[in-house]
K.L.:
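I have a structure I would like to understand better, so I am pasting it below and will then ask my questions one at a time.
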Amino acid sequence: MARAGLAAFLLLLALALAAPAGAQPASAWAAAPGPAPGPARAIGGTALGCLQGAAQLPLEGVGYQAVRISRNRHWGHPELIRFVQEIGREARRRGFPDLWIGDLAQPRGGPMPWGHASHQTGLDADIWLDLEPKPALSRAAREEIRVASLVLPGETGVDPARFTPRHAAFLRLLAERPEVDRLIVNHAIKRSLCEAHRGEAWLRRLRPWRGHDSHVHVRLRCPRDSPECREANPIPPGDGCDASLDWWLSEEARRPPPRPPGPPPALPPACAAVLRAPG
């Protein structure tokens, strides 16, 4: 093992052993230099889980370029890696420019010290909604990519100068993939899509949330090889184009309550072994 890799592993091991079982700090998961060995297993839920046997997304591929590579967050369950590569090829075939691929998961999944509460089981991917033509950039240049918001200030609607029918077509491409559980977008984007596509079945998979105004968060279904994987609550029936969207403009929605005091919930017991595993 190289000296840098050995040092990172020793730090990882020390942090893991110092923490109670199932309550490893996010810094321990971020310190893991590579995946836990063994067959691929997504364990737990996307906001409380981990990942064994992760694969790394090639940082450039047909139809996509990974961004912010220094974060070491382009790992995932092999089914997520395959999904991203297939979407890149299909987007290229349909005439879309290269896609910017943001965070997937850490090498062993688990909680991140900053940036996301989810992305813990290797089944989530952020795809930025910049559909302008773009050159092939160096990896260093892709560290500083910025993408403009598609949503107006105040989140009352989309910016008509930025959000186009091409965005709707791309989101539909993602939503109609059978392995997708849901797509998370800003509620203003969902509202705009409802105005133009109300009643269309693919809208059901687009779920409104705060943020997500310049990227779409893709979440896959639990793979068959991962019986310990836990999916989120089922999406309600219908296209989601109902009065519930108005709630996102309320004061209650604009001022989410703080996290309750106390320690964070424990990860599934199997995650302790994933974190401690050599590799």
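For clarity, every value in this text was computed on a predicted model and none was experimentally measured.
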K.L.:
Let me check something: any side-chain donor-acceptor pairs from residues 144-152 under 3.5 Å, sequence neighbours excluded? List them with distances.
P.N.:
| from | atom 1 | to | atom 2 | distance (Å) |
| --- | --- | --- | --- | --- |
| Ser149 | OG | Val151 | N | 3.0 |
| Ser149 | OG | Val151 | O | 3.3 |
| Ser149 | OG | Asp213 | OD2 | 2.7 |

K.L.:
So which of Pro265, Cys271, Ser118 actually passes side chain to side chain contact (heavy atoms under 4.5 Å, CB included) with Leu48?
P.N.:
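The residue from Pro265, Cys271, Ser118 that satisfies side chain to side chain contact (heavy atoms under 4.5 Å, CB included) with Leu48 turns out to be Pro265.
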K.L.:
Taking side chain as C-beta onward, heavy atoms only, is Cys194 less than 4.5 Å from Asp239?
P.N.:
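When only atoms from C-beta onward are counted, Asp239 and Cys194 do not touch, as no gap falls below 4.5 Å.
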K.L.:
Side chain to side chain contact (heavy atoms under 4.5 Å, CB included) for Leu245 and Lys190? Distances and angles first, verdict last.
P.N.:
CA-CA 8 Å; Leu245 277 174; Lys190 172 77 175 189; 3.6 Å; yes
K.L.:
Given the rule in the side chain to side chain contact (heavy atoms under 4.5 Å, CB included) test, do Arg139 and Glu60 qualify, once you have shown the distances and angles that lead to the verdict?
P.N.:
CA-CA 9 Å; Arg139 294 180 180 182; Glu60 302 87 18; 2.6 Å; yes
K.L.:
Check whether any side-chain heavy atom of Leu174 sits under 4.5 Å from a side-chain heavy atom of Trp202, and report yes or no.
P.N.:
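No. Closest side-chain heavy atoms not under 4.5 Å.
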K.L.:
Check whether any side-chain heavy atom of Pro223 lies under 4.5 Å from a side-chain heavy atom of Arg41, and answer yes or no.
P.N.:
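No, side chains not in contact.
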K.L.:
Looking only at atom types and distance, does a side-chain atom of Thr164 sit under 3.5 Å from a main-chain N or O of Arg166, one as donor and one as acceptor?
P.N.:
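Side chain of Thr164 to backbone of Arg166, a donor-acceptor pair under 3.5 Å: yes, one is there.
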K.L.:
Assign the ring pair Trp209 / Trp248 to parallel, tilted or perpendicular, where the plane angle (0 to 90°) is split at 30° and 60°.
P.N.:
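If you compare the ring of Trp209 with that of Trp248, the planes turn out perpendicular.
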K.L.:
Report whether Leu173 and Leu99 are members of the same hydrophobic cluster (ILVMFWY, side-chain heavy atoms less than 4.5 Å apart, transitive linking).
P.N.:
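Result: yes, single cluster for both.
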K.L.:
To the nearest 0.5 Å, what is the distance between CG (Leu123) and CG (Leu51)?
P.N.:
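CG of Leu51 is found 7.5 Å from CG of Leu123.
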K.L.:
Please check: side-chain N/O of Arg210 versus main-chain N/O of Ala253, any donor-acceptor pairing under 3.5 Å?
P.N.:
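Confirmed, Arg210 side chain pairs with Ala253 backbone.
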K.L.:
Going through the checks in order, is the side chain to side chain contact (heavy atoms under 4.5 Å, CB included) test met by Ser192 and Phe163?
P.N.:
CA-CA 9 Å; Ser192 175; Phe163 189 80; 3.7 Å; yes
K.L.:
Would you say that His116 contacts Asp126 through its side chain, given a criterion of any heavy-atom pair below 4.5 Å between the two side chains?
P.N.:
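Yes, at least one pair of side-chain atoms sits under 4.5 Å.
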K.L.:
State the OH-CZ distance between Tyr64 and Arg89, to the nearest 0.5 angstrom.
P.N.:
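That separation rounds to 9.0 Å.
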K.L.:
Does Gly49 offer a backbone N or O that forms a donor-acceptor pair with the side chain of Gln120 under 3.5 Å?
P.N.:
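Checked: pair present.
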K.L.:
Would you kindly confirm whether Ile184 and Leu206 end up in one hydrophobic cluster when ILVMFWY residues are joined by side chain heavy atoms under 4.5 Å apart?
P.N.:
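No, Ile184 and Leu206 fall in different hydrophobic clusters.
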K.L.:
Heavy atoms, side chains only, cut-off 4.5 Å: are Glu200 and Arg172 in contact?
P.N.:
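Yes, at least one pair of side-chain atoms sits under 4.5 Å.
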K.L.:
Do Trp75 and Leu80 belong together in a cluster built from hydrophobic side chains that touch within less than 4.5 Å?
P.N.:
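Different hydrophobic clusters.
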K.L.:
Quick check against the 3.5 Å criterion: does Lys134 have a side-chain atom that pairs as donor or acceptor with the backbone of Pro97?
P.N.:
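Checking the backbone N and O of Pro97 against the side chain of Lys134, no donor-acceptor pair under 3.5 Å is found.
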K.L.:
I'd like to know if Glu155 pairs up with Arg254 as an ion pair, taking the criterion as any Lys NZ or Arg NE/NH1/NH2 lying under 4.0 Å from an Asp or Glu carboxylate oxygen.
P.N.:
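Between Arg254 and Glu155 there is no salt bridge, as every charged N stays at least 4.0 Å from the carboxylate O atoms.
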K.L.:
Would the distance check show the side chain of Glu228 and the main-chain N or O of Gly44 forming a donor-acceptor pair, the cut-off being under 3.5 Å?
P.N.:
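No; judged by distance alone, with no hydrogens or angles, the pair does not exist.
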K.L.:
Might you point out which heavy atoms bring Asn72 and Ala32 nearest each other, and give the distance in Å?
P.N.:
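Shortest heavy-atom contact: ND2-O, 4.0 Å.
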K.L.:
Could you walk me through whether Arg219 and Asp181 pass the salt bridge (Lys or Arg N to Asp or Glu O under 4.0 Å) check?
P.N.:
CA-CA 6 Å; Arg219 180 169 299 158; Asp181 176 61; 5.6 Å; no
K.L.:
Rounded at 0.5 Å granularity, tell me how far CG in Leu220 sits from CZ in Arg82.
P.N.:
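Between atom CG of Leu220 and atom CZ of Arg82 there are 10.0 Å.
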K.L.:
Indicate, with yes or no, if the rings of Trp100 and His215 have centres closer together than 6.0 Å.
P.N.:
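For Trp100 and His215, the ring centres are not under 6.0 Å apart.
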K.L.:
Before giving the answer on side chain to side chain donor-acceptor pair (under 3.5 Å), spell out for His77 and Asp225 the whole-Å C-alpha distance, their side-chain angles and the decisive distance to 0.1 Å.
P.N.:
CA-CA 10 Å; His77 188 283; Asp225 62 13; 2.9 Å; yes
K.L.:
For the residue pair Arg191 and Trp247, would you count it as a cation-pi contact if the rule is NZ or CZ under 6.0 angstrom from the ring centre and within 45 degrees of the ring axis?
P.N.:
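Output no; distance or angle outside limits.
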K.L.:
Is a side-chain N or O of Gln106 found less than 3.5 angstrom from the main chain of Gly109, in a donor-acceptor match?
P.N.:
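Yes, the answer is positive, given that a donor and an acceptor are paired below the 3.5 Å cut-off.
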K.L.:
Calculate, to the nearest 0.5 Å, the distance between atoms NE2 and OG1 belonging to His187 and Thr156 respectively.
P.N.:
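Those atoms lie 9.0 Å apart.
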K.L.:
Got a sec, which residues hit side chain to side chain contact (heavy atoms under 4.5 Å, CB included) with Ser138, two or more places apart in sequence or on another chain?
P.N.:
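In terms of side chain to side chain contact (heavy atoms under 4.5 Å, CB included), with neighbours along the sequence ignored, Ser138 is linked to Ala140, Ala141.
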K.L.:
Looking at Ala40 and Gly53, what are the two nearest heavy atoms and their distance?
P.N.:
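For Ala40 and Gly53, the tightest heavy-atom pair comes out as CB-O, 3.8 Å.
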K.L.:
Determine the minimum heavy-atom distance between Gly211 and Asn186, stating which atoms define it.
P.N.:
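What the structure gives for the nearest pair is O-ND2, 2.9 Å.
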K.L.:
Are His217 and His119 near enough that their ring centres are under 6.0 Å apart?
P.N.:
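His217 vs His119: aromatic centres under 6.0 Å.
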K.L.:
Check this for me, if you would: do Glu176 and Arg205 make a salt bridge, where the nitrogen-to-carboxylate-oxygen distance has to be below 4.0 angstrom?
P.N.:
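Answer for the salt bridge query: no.
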K.L.:
Under a 3.5 Å distance rule, please check whether Arg204 uses its side chain to pair with a backbone N or O of Ile235 as donor and acceptor.
P.N.:
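Side chain of Arg204 to backbone of Ile235: a pair is present.
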K.L.:
How many angstroms lie between atom CZ of Arg162 and atom CG of Leu129, to the nearest 0.5 angstrom?
P.N.:
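Those atoms lie 12.5 Å apart.
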K.L.:
According to a 4.5 Å side-chain heavy-atom criterion applied to Ile, Leu, Val, Met, Phe, Trp and Tyr, with indirect links allowed, do Met112 and Trp29 form part of one hydrophobic cluster?
P.N.:
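No, no single cluster joins them.
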K.L.:
What closest approach, in Å, do Ala168 and His197 show between heavy atoms, and which atom pair accounts for it?
P.N.:
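Looking at all heavy atoms of both residues, the closest pair is CB-NE2, 3.8 Å.
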K.L.:
What closest approach, in Å, do Gly154 and Leu249 show between heavy atoms, and which atom pair accounts for it?
P.N.:
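For Gly154 and Leu249, the tightest heavy-atom pair comes out as O-CD2, 4.3 Å.
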K.L.:
Set out, in order, the CA-CA distance, both residues' side-chain angles and the distance that settles side chain to side chain donor-acceptor pair (under 3.5 Å) for Gln56 and His74, then state yes or no.
P.N.:
CA-CA 6 Å; Gln56 187 175 29; His74 287 99; over 6 Å; no
K.L.:
So, do Leu104 and Asp124 sit near enough that their side-chain heavy atoms are less than 4.5 Å apart?
P.N.:
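Counting from C-beta outward, Leu104 and Asp124 never come under 4.5 Å.
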K.L.:
Taking Arg198 for its side chain and Cys241 for its backbone only, find out whether a donor-acceptor pair lies under 3.5 Å.
P.N.:
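Checking the backbone N and O of Cys241 against the side chain of Arg198, a donor-acceptor pair under 3.5 Å is found.
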K.L.:
With side chain to side chain contact (heavy atoms under 4.5 Å, CB included) as the test, would you mind laying out the steps for Val180 and Arg221 before giving the verdict?
P.N.:
CA-CA 6 Å; Val180 168; Arg221 300 180 186 280; over 6 Å; no
K.L.:
Report the hydrophobic cluster partners of Val62, with the cluster defined as I, L, V, M, F, W, Y residues connected by side-chain heavy atoms closer than 4.5 angstrom, directly or transitively.
P.N.:
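Besides Val62, the cluster holds no residue at all.
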K.L.:
So Arg142 and Leu59, do their side chains get closer than 4.5 Å, heavy atoms only?
P.N.:
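When only atoms from C-beta onward are counted, Arg142 and Leu59 do touch, with a gap below 4.5 Å.
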K.L.:
Answer whether the closest heavy-atom distance between the side chains of Thr121 and Ile43 falls below 4.5 Å.
P.N.:
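In short, these two side chains do not touch, never coming nearer than 4.5 Å.
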K.L.:
Would you say Arg207's side chain and Arg182's backbone share a donor-acceptor pair under 3.5 angstrom?
P.N.:
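Judged by distance alone, no pair lies under 3.5 Å.
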K.L.:
Should Val67 and Ile127 be counted in the same cluster of Ile, Leu, Val, Met, Phe, Trp and Tyr side chains packed under 4.5 Å apart?
P.N.:
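No, it is not one cluster - the side chains of Val67 and Ile127 are not joined through contacts under 4.5 Å.
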K.L.:
Heavy atoms only: give me the nearest Glu231-Cys222 pair and the separation to one decimal.
P.N.:
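In terms of heavy atoms, the two residues are closest at OE2-N, 2.7 Å.
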K.L.:
Between Glu143 and Arg71, is there a salt bridge with N-O shorter than 4.0 Å?
P.N.:
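Salt bridge flag = no for Glu143 with Arg71.
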K.L.:
Rounded to the nearest 0.5 Å, what's the gap from OG on Ser226 to CD on Gln52? Could you check?
P.N.:
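So the OG of Ser226 and the CD of Gln52 are separated by 9.0 Å.
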K.L.:
Please check if the side chain of Arg108 supplies one atom and the backbone of Ala277 the other of a donor-acceptor pair under 3.5 Å.
P.N.:
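Yes: the side chain of Arg108 pairs with the backbone of Ala277.
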